[in-house]
Amino acid sequence: MAARIFISHTGSDSSWAAWARWHLENEGHPTELDSVDWGAGTNFIESMDKALDKDNPLLVLLSRAYLDRTRFTTDEWTARFAQRRRDPSAKMIAIRLEDVDLSGGIWAPIITYDLFGMDPDAAAKVLLKAVLMVLDPDAARRLSPTPPAFPGGPPQGRP
(Lines give C-alpha, C1' and ligand atoms only; values in the text may rest on other atoms or scores of the structure.)
Protein backbone atom coordinates (compact mmCIF):
# COMPACT_ATOMS: atom_id res chain seq x y z
CA MET A 1 0.00 0.00 0.00
CA ALA A 2 1.33 3.45 -0.91
CA ALA A 3 2.28 5.87 1.84
CA ARG A 4 -0.54 8.12 3.04
CA ILE A 5 -0.23 11.35 4.99
CA PHE A 6 -1.69 10.64 8.42
CA ILE A 7 -3.44 13.78 9.68
CA SER A 8 -2.97 14.01 13.45
CA HIS A 9 -5.41 16.40 15.13
CA THR A 10 -7.73 16.86 18.08
CA GLY A 11 -11.50 16.61 17.90
CA SER A 12 -11.78 20.37 18.36
CA ASP A 13 -9.64 20.82 15.23
CA SER A 14 -11.66 18.41 13.06
CA SER A 15 -12.71 21.15 10.66
CA TRP A 16 -9.02 22.01 10.09
CA ALA A 17 -8.25 18.33 9.49
CA ALA A 18 -11.07 18.04 6.93
CA TRP A 19 -9.89 21.25 5.24
CA ALA A 20 -6.27 19.98 5.08
CA ARG A 21 -7.42 16.59 3.78
CA TRP A 22 -9.42 18.19 0.97
CA HIS A 23 -6.51 20.34 -0.18
CA LEU A 24 -3.99 17.48 0.04
CA GLU A 25 -6.19 14.96 -1.76
CA ASN A 26 -7.07 17.58 -4.38
CA GLU A 27 -3.32 17.92 -5.13
CA GLY A 28 -2.86 14.15 -5.37
CA HIS A 29 -1.51 13.46 -1.88
CA PRO A 30 -3.25 10.41 -0.36
CA THR A 31 -4.28 10.94 3.26
CA GLU A 32 -5.55 9.03 6.24
CA LEU A 33 -8.01 10.79 8.53
CA ASP A 34 -9.64 8.96 11.40
CA SER A 35 -13.11 10.48 10.91
CA VAL A 36 -13.13 9.43 7.25
CA ASP A 37 -11.10 6.22 7.16
CA TRP A 38 -11.95 4.51 10.45
CA GLY A 39 -15.52 3.27 10.67
CA ALA A 40 -17.65 2.15 13.58
CA GLY A 41 -16.22 -0.94 15.26
CA THR A 42 -12.66 -0.14 14.20
CA ASN A 43 -9.96 -0.69 16.80
CA PHE A 44 -8.73 2.90 17.28
CA ILE A 45 -5.34 1.95 18.77
CA GLU A 46 -4.61 -0.62 16.07
CA SER A 47 -5.58 1.85 13.34
CA MET A 48 -3.40 4.56 14.89
CA ASP A 49 -0.48 2.14 15.06
CA LYS A 50 -0.86 1.29 11.36
CA ALA A 51 -1.26 4.96 10.41
CA LEU A 52 1.91 5.81 12.32
CA ASP A 53 3.99 3.44 10.19
CA LYS A 54 7.25 5.31 9.57
CA ASP A 55 6.62 5.34 5.81
CA ASN A 56 3.48 7.45 6.29
CA PRO A 57 4.26 11.16 6.66
CA LEU A 58 2.65 12.59 9.79
CA LEU A 59 0.86 15.93 9.41
CA VAL A 60 0.62 17.44 12.89
CA LEU A 61 -2.04 20.14 13.33
CA LEU A 62 -0.72 22.01 16.36
CA SER A 63 -3.09 23.87 18.66
CA ARG A 64 -3.37 24.37 22.42
CA ALA A 65 -5.73 21.40 22.58
CA TYR A 66 -3.36 19.25 20.50
CA LEU A 67 -0.51 19.88 22.93
CA ASP A 68 -2.60 18.91 25.98
CA ARG A 69 -0.57 15.99 27.33
CA THR A 70 -3.69 14.05 28.36
CA ARG A 71 -4.83 13.55 24.75
CA PHE A 72 -4.09 10.68 22.37
CA THR A 73 -2.32 13.21 20.18
CA THR A 74 0.61 13.05 22.61
CA ASP A 75 0.96 9.36 21.81
CA GLU A 76 0.95 10.15 18.09
CA TRP A 77 3.61 12.87 18.05
CA THR A 78 5.86 11.20 20.63
CA ALA A 79 5.74 7.98 18.59
CA ARG A 80 6.91 9.92 15.53
CA PHE A 81 9.68 11.65 17.51
CA ALA A 82 10.89 8.22 18.68
CA GLN A 83 10.78 6.87 15.11
CA ARG A 84 12.83 9.83 13.91
CA ARG A 85 15.53 9.12 16.51
CA ARG A 86 15.99 5.65 15.02
CA ASP A 87 15.27 6.59 11.41
CA PRO A 88 15.50 10.23 10.25
CA SER A 89 13.52 9.34 7.12
CA ALA A 90 10.33 9.14 9.24
CA LYS A 91 8.61 12.29 7.99
CA MET A 92 6.73 14.87 10.03
CA ILE A 93 5.04 18.07 8.84
CA ALA A 94 4.22 20.46 11.70
CA ILE A 95 1.58 23.13 11.13
CA ARG A 96 0.50 25.64 13.78
CA LEU A 97 -3.22 26.41 13.74
CA GLU A 98 -2.85 28.84 16.64
CA ASP A 99 -0.03 30.95 18.00
CA VAL A 100 1.12 28.25 20.42
CA ASP A 101 4.51 28.80 22.04
CA LEU A 102 6.92 26.08 20.93
CA SER A 103 10.09 27.89 22.02
CA GLY A 104 10.83 25.55 24.91
CA GLY A 105 11.10 21.81 25.24
CA ILE A 106 11.07 19.13 22.61
CA TRP A 107 9.24 21.19 19.96
CA ALA A 108 11.76 24.08 20.03
CA PRO A 109 14.03 22.86 17.17
CA ILE A 110 11.16 21.72 14.93
CA ILE A 111 10.43 23.94 11.92
CA THR A 112 6.73 24.68 11.71
CA TYR A 113 4.48 26.48 9.26
CA ASP A 114 1.67 28.79 10.41
CA LEU A 115 -1.87 28.86 9.06
CA PHE A 116 -3.46 31.22 11.58
CA GLY A 117 -4.28 34.78 10.60
CA MET A 118 -4.28 34.00 6.86
CA ASP A 119 -6.92 34.08 4.19
CA PRO A 120 -7.97 30.62 2.91
CA ASP A 121 -6.00 30.79 -0.36
CA ALA A 122 -2.76 31.82 1.36
CA ALA A 123 -3.25 29.13 4.03
CA ALA A 124 -3.79 26.44 1.38
CA LYS A 125 -0.57 27.50 -0.37
CA VAL A 126 1.35 27.31 2.91
CA LEU A 127 -0.08 23.85 3.68
CA LEU A 128 0.87 22.53 0.26
CA LYS A 129 4.34 24.08 0.40
CA ALA A 130 4.95 22.55 3.84
CA VAL A 131 3.97 19.11 2.54
CA LEU A 132 6.03 19.49 -0.62
CA MET A 133 9.08 20.58 1.40
CA VAL A 134 8.95 17.25 3.21
CA LEU A 135 7.80 14.93 0.42
CA ASP A 136 9.77 16.43 -2.48
CA PRO A 137 12.22 19.14 -1.35
CA ASP A 138 13.76 19.49 -4.83
CA ALA A 139 10.37 20.30 -6.37
CA ALA A 140 9.62 22.77 -3.56
CA ARG A 141 12.87 24.63 -4.26
CA ARG A 142 12.24 25.11 -7.99
CA LEU A 143 11.88 28.71 -9.07
CA SER A 144 8.48 29.99 -10.06
CA PRO A 145 8.19 30.83 -13.77
CA THR A 146 7.29 34.40 -12.75
CA PRO A 147 9.64 36.51 -10.64
CA PRO A 148 8.56 37.85 -7.27
CA ALA A 149 7.55 41.51 -7.05
CA PHE A 150 10.46 43.94 -6.99
CA PRO A 151 10.82 44.96 -3.33
CA GLY A 152 12.50 48.33 -4.02
CA GLY A 153 9.88 49.96 -6.20
CA PRO A 154 6.82 52.05 -5.47
CA PRO A 155 3.76 50.20 -4.18
CA GLN A 156 1.70 48.73 -6.98
CA GLY A 157 -0.98 51.04 -8.34
CA ARG A 158 1.01 54.18 -7.55
CA PRO A 159 3.43 56.03 -9.85
Side-chain angles (χ1 to χ4, degrees), residues 1-38 44 46-69 71-146 148:
M1 184 170 165
R4 297 169 70 184
I5 300 170
F6 176 44
I7 303 173
S8 177
H9 68 97
T10 65
S12 60
D13 296 325
S14 292
S15 59
W16 276 106
W19 177 87
R21 176 183 177 267
W22 187 92
H23 285 283
L24 294 172
E25 292 275 348
N26 195 51
E27 288 293 316
H29 301 291
T31 63
E32 183 158 356
L33 180 59
D34 58 358
S35 62
V36 173
D37 296 303
W38 305 348
F44 175 81
E46 184 178 288
S47 295
M48 186 191 318
D49 184 52
K50 287 179 186 173
L52 285 168
D53 180 277
K54 75 169 186 66
D55 292 333
N56 292 332
L58 178 66
L59 175 63
V60 177
L61 299 180
L62 294 162
S63 64
R64 285 172 202 64
Y66 187 91
L67 294 170
D68 178 345
R69 294 183 189 270
R71 294 181 180 265
F72 270 110
T73 53
T74 299
D75 297 332
E76 294 171 9
W77 67 261
T78 56
R80 180 51 44 109
F81 273 51
Q83 289 169 334
R84 289 167 51 116
R85 294 284 295 160
R86 291 186 312 276
D87 182 357
S89 70
K91 294 173 175 56
M92 183 171 67
I93 306 150
I95 302 283
R96 291 189 322 154
L97 304 178
E98 300 172 344
D99 190 10
V100 292
D101 181 10
L102 302 175
S103 63
I106 199 165
W107 283 98
I110 304 301
I111 294 173
T112 63
Y113 287 79
D114 298 340
L115 297 186
F116 57 90
M118 299 183 147
D119 67 65
D121 291 336
K125 286 178 184 172
V126 168
L127 170 69
L128 295 170
K129 179 181 179 180
V131 168
L132 197 57
M133 288 293 291
V134 169
L135 299 185
D136 191 356
D138 291 336
R141 294 191 71 246
R142 285 190 197 111
L143 288 177
S144 166
T146 58

Going by the salt bridge (Lys or Arg N to Asp or Glu O under 4.0 Å) test, which pairs reach into residues 98-117, not counting sequence neighbours?
R64-E98, R96-D99, R96-D114
How far does CG of L61 sit from OG1 of T73, to the nearest 0.5 angstrom?
10.5 Å
Partner of R21 by side chain to side chain contact (heavy atoms under 4.5 Å, CB included), out of N26, T31, L59
T31
Is there a side-chain contact between L67 and L62 in this structure, where contact means two heavy atoms from C-beta onward sitting under 4.5 Å apart?
yes
Working to the nearest 0.5 Å, report the span between CD1 of I7 and CD1 of I95.
10.5 Å
Find out whether H29 and E25 are in side-chain contact, i.e. whether some heavy atom of one side chain is under 4.5 Å from a heavy atom of the other.
no
By salt bridge (Lys or Arg N to Asp or Glu O under 4.0 Å) - contacts of R84 (at least two apart):
none
Does a side-chain heavy-atom distance below 4.5 Å link L102 with I110?
no
Around F72, counting heavy atoms of other residues, nucleotides and ligands shown, do more than 12 lie under 6.0 Å from its CZ?
no
At their closest point, which heavy atom of S103 faces which heavy atom of A108, and how far apart are they?
O-CB, 3.3 Å
Q83 and side chain to side chain donor-acceptor pair (under 3.5 Å): which partner among R86, R80, R85?
R80
Could you give the distance from CD1 (I93) to OG1 (T112), rounded to the nearest 0.5 Å?
13.0 Å
Is it the case that the side chain of N56 and the backbone of I5 share a donor-acceptor pair, with hydrogens and angles ignored and the cut-off at 3.5 Å?
no
D87 CG to K54 NZ distance, which is reported to the nearest 0.5 Å
4.5 Å
Could you note down all residue pairs passing side chain to side chain donor-acceptor pair (under 3.5 Å) where residues 5-16 supplies at least one of them, sequence neighbours left out?
S8-Y66, S8-E76, H9-D34, T10-S12, T10-D13, D13-S63
Which atom names give the shortest non-hydrogen contact between A123 and M118, and what distance separates them?
CA-SD, 3.7 Å
Could you state the interatomic distance from CZ (R4) to CG (D53), rounded to the nearest 0.5 Å?
12.0 Å
Only counting residues at least two apart or in another chain, list the ones meeting ring-ring contact (aromatic ring centres under 6.0 Å, His included) with F81.
W77, W107
Would you list the atom pairs, donor with acceptor, under 3.5 Å between side chains in residues 125-140 and any protein atom, with sequence neighbours excluded?
from, atom 1, to, atom 2, distance (Å)
D136, OD1, A139, N, 3.4

For H23, check ring-ring contact (aromatic ring centres under 6.0 Å, His included) against everything at least two apart and list the hits.
W19
